[in-house]
Amino acid sequence: MADTATNTATIEKVPEPKRSWGDEAEEEESSTTVPELSIEGLKIEEEPITTLVDEPEDSNIEAVTGDTLYSTATTFEELNLSKELLLGLYVDMGFKRPSKIQAKTLPMILTPPYKDLIAQAHNGSGKTTCFVLGMLSRVDPNVKAPQALCICPTRELAIQNLEVLTKMAKHTGITATCAIPMDRDASSARQVVTDQVVIGTPGTTKGWVAKGKLSIREMKILVFDEADHMLAEDGFKDDSLRIIKNIRDPKNKNTHCQVLLFSATFNDTVKNFVSRVVSDSNQLFVKKEELTLEAVKQFKVRCPDEISKLSVVKDKIIGLGEKVGQTIIFVHSRKSADMLHSTLAKEGWVCTNIHGAIDKEFRDKIVKEFKEGLTKVLITTDLLSRGFDQSQVNLVVNYDLPVKHGSYGEPDYEVYMHRCGRAGRFGRKGAVFNLLLTERDSNVMDKIQNHFSQQVAEVPNWDSDEDFEAALKSARLLD
DNA sequence: AAAAAAT
């Protein structure tokens, strides 16, 4: 067994400076527009939607490393990033210093011998920046061939990651492209990729490689975003393994390729599996009991029937949601997304709807409008449960609770956590409303509470405006 | 009894 001497270290909790930067969610808010801080018990005059609090608690991360010594940086300069990247970080992104996960992982990514990495960190703590800076640092801008590849579970996430990377790459001369499903015309006209970075979904990426449009010969770094899902049995396991195998196949005489796995969640099963996939790797895991949902305030609302559930959305949540920011409503299926959307639209409520059965161009338009703040309420399936980064979202509604496929009433804890993580990005305030109708819903909710060892507050009366206002006040979204 | 995804 090549099991090298491993040491397990637990990072001590240190008091954090009051404001923290370095997250990809911060780009649109320069230091001039963001209020200083919300302190417990202190009223802040500015709009609550832009109030920042302490960085999410990703402090107790268990690190397993080999015999290489890694530093933990407190400034981006210490990370040995190129001056072009620093310029992008400070000027274009408005970042000030690395978040904890960035400080820990970047030395691991950038220090030879470029070991593989499995990294877990809370939603909204700046994981994207880790692997984007990692890719951009390892790429040689003078070599006009793909050298970094990032695989994501959805088109939407691939596009979002490309946007972040393009912005950070502004002064480096590095170019990037998306390998995602396109119109027939666009995909048939596809030329051989000369961009240094490719960000894509599994099928299209595989297809490009098979057709000789994407060379993996010079690939130095391969990233899986939402890696637990990308390597899960009911996720993209087969595609992902094939891509890794292909890139690392000695027969292909490729350059050595470093593999990075990032996610906010790794359940025990997938954790065990990915540890075997990238066996000689650096590993950062959040302790189970530390992976909590403290960033957002959760509520449950018992509704007597379907009509009242609908009325909660219409008469309680949409109005309050528009007042404090943006809202995402999660439903179980494409069909229920369409139904909820048309029901609300028919009655004049303004909202949009997105899922995998909608035209790709239209999906892009829906996301763009939402990210620009033109629309305030977005109904979606689990298409957007992972990774979707819109800092103005502070209300999440589980119109249907997330349950595992093929089981009767078994909650999907990972999906629950990811959905909640769409609100309260990078330490902002957020609230989650879980709408309960059946006995089964109550059981699912109970199991979720047990799993996260957390009591979810109940909105006493589904039909009381005051109760919902009180809920938002306790989530500190309203004064 | 699901979502996504290159078919």
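Chain letters run A, B, ... following the sequence lines, proteins first and then strands; every chain starts at 1.
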Checklist entry - Can A:Asp338 and A:Asn353 be counted as having a side-chain donor-acceptor contact under 3.5 angstrom? => result yes

Checklist entry - Would you say A:Phe330 and A:Arg422 make side-chain contact, with heavy atoms under 4.5 Å? => result yes

Item to check | Result of checking A:Lys371, A:Lys376, A:Gln390, A:Gln392 against A:Gln326 for side-chain hydrogen bond (donor to acceptor under 3.5 Å, both in side chains) | outcome: A:Gln390

Checklist entry - What is the distance, rounded to the nearest whole Å, between atom CD1 of A:Ile358 and atom C1' of B:dA4? => result 14 Å

Next on the checklist: So, does A:Thr154 get its side chain near the phosphate of B:dA4, meaning an N or O under 4.0 Å from OP1 or OP2?
Outcome noted: no

Item to check | Those residues of residues 381-388 of chain A lying under 4.0 Å from DNA chain B by at least one heavy atom | outcome: A:Thr381, A:Leu383

Next on the checklist: Without decimals, in angstroms, what is the distance between A:Met182 CE and B:dA5 C1'?
Outcome noted: 15 Å

Next on the checklist: Nearest whole Å is fine: how far is B:dA4 P from A:His332 NE2?
Outcome noted: 11 Å

Checklist entry - Do the ring planes of A:Phe452 and A:Tyr413 sit parallel (below 30°), tilted (30 to 60°) or perpendicular (above 60°)? => result perpendicular

Checklist entry - Can you list every ring pair (Phe, Tyr, Trp, His ring centres under 6.0 Å) pair that touches residues 124-154 of chain A, not counting sequence neighbours? => result A:Phe131-A:Phe262

Checklist entry - Will you find, in the side chains of A:Lys127 and A:Gln102, an N or O donor that is under 3.5 Å from an N or O acceptor? => result no

Next on the checklist: I need the CZ-P distance between A:Arg363 and B:dA5, as an integer number of Å.
Outcome noted: 4 Å

Checklist entry - Are A:Asp225 and A:Asn161 linked by a side-chain donor-acceptor pair shorter than 3.5 Å? => result yes

Checklist entry - What distance, rounded to whole Å, do you find between the two P atoms, one in B:dA5 and one in B:dA1? => result 23 Å

Next on the checklist: Students often get this wrong, so: under 4.0 angstrom with heavy atoms, is A:His355 touching a base, only sugar-phosphate, or nothing?
Outcome noted: sugar-phosphate

Item to check | Between B:dA3 (C1') and A:Glu226 (CD): distance, integer Å | outcome: 14 Å

Checklist entry - Whole Å only: how far is the CG atom of A:Leu401 from the P atom of B:dA1? => result 20 Å

Next on the checklist: In whole Å, I'd like the distance from the NZ atom of A:Lys360 to the P atom of B:dA5.
Outcome noted: 8 Å

Item to check | A:Lys211 side chain, from C-beta outward: closest of B:dA6, B:dA3, B:dA5 | outcome: B:dA6

Checklist outcome for this item: Closest to the side chain of A:Pro181, out of B:dA6, B:dA3, B:dA1, is B:dA6

Item to check | Rounded distance in Å - CG (A:Asp238) to C1' (B:dA4) | outcome: 15 Å

Checklist entry - Within the modelled atom types, does a donor on one side and an acceptor on the other bring the side chain of A:Asp234 and the base of B:dA2 under 3.5 Å apart? => result yes

